[in-house]
Amino acid sequence: EPEVTQTPSHQVTQMGQEVILRCVPISNHLYFYWYRQILGQKVEFLVSFYNNEISEKSEIFDDQFSVERPDGSNFTLKIRSTKLEDSAMYFCASSDPLGTDTQYFGPGTRLTVL
Amino acid sequence: GENVEQHPSTLSVQEGDSAVIKCTYSDSASNYFPWYKQELGKRPQLIIDIRSNVGEKKDQRIAVTLNKTAKHFSLHITETQPEDSAVYFCAASASGGSYIPTFGRGTSLIVHP
């Protein structure tokens, strides 16, 4: 069964540094998402992406965040100048609205900002 | 926007007992309600979902019920097993295109052998 994959599994960075989190969605899916989950809390929506542009974004997704689909398979989340409070698990998800609205999550990247 | 409340935050049961987790939502436009199971350090995994055109759906030991009038939906797990121990999240959204699910805060289910 195809799965969403994410790299790296764990990223440690210094405050103020830029990080790029990478995702490979399921190949025939058309919508892509990023979520974050601060330790012990609920999953929070960041942004959705369709047809090479952002469809929706939450209040969390401010100017320090950006997303990109640089090629036909990868979907990236860039955090320009990381803050301590950006430490969280970041999940990528994808869905195929032509078949089902079900979102499939990747294994996550644990981001630790020191 | 949508607001999803989930209860209880922690649920402890003995193996073989049933477990029920309840969620309420606020937006009457929501019509898709997935449930995710998240084991410690793992990704959320969809375990069952229900759409607003049905009131109940069952998959082996797991069932979900939906009351659109009251805007609440519940997850029922029968004959619980230790491997059911995890955090369960409900979510609500309007389906079609780039729908954005709003998640509940999660229920930590502990099944004691």
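This structure is a prediction, so every number in the text was calculated from the model and none was measured. So you know, we letter chains A, B, ... as the sequences are listed, proteins then strands, and number each from 1.
Interatomic distance, CZ of A:Phe32 versus OG of A:Ser95, reported as 8.5 Å (0.5 Å rounding). Going from atom CE of A:Met15 over to atom CG of A:Leu84 covers 5.0 Å, rounded to the nearest 0.5 Å.
Aromatic ring orientation, A:Tyr33 versus A:Phe45: perpendicular (interplanar angle above 60°, classes split at 30° and 60°). Ring geometry for B:Phe103 against A:Phe105 counts as perpendicular: the plane angle is over 60°, on a 0 to 90° scale with 30° as the lower cut.
Interface check for chain A: of the options B:Lys42, B:Arg105, B:Gln6, the most heavy-atom pairs under 4.5 Å are formed by B:Arg105.
With a 4.5 Å cut-off on non-hydrogen atoms, B:Gln38 touches chain A through its side chain but not through its backbone. With a threshold of 4.5 angstrom between heavy atoms, A:Gln6 does not approach chain B through any atom at all.
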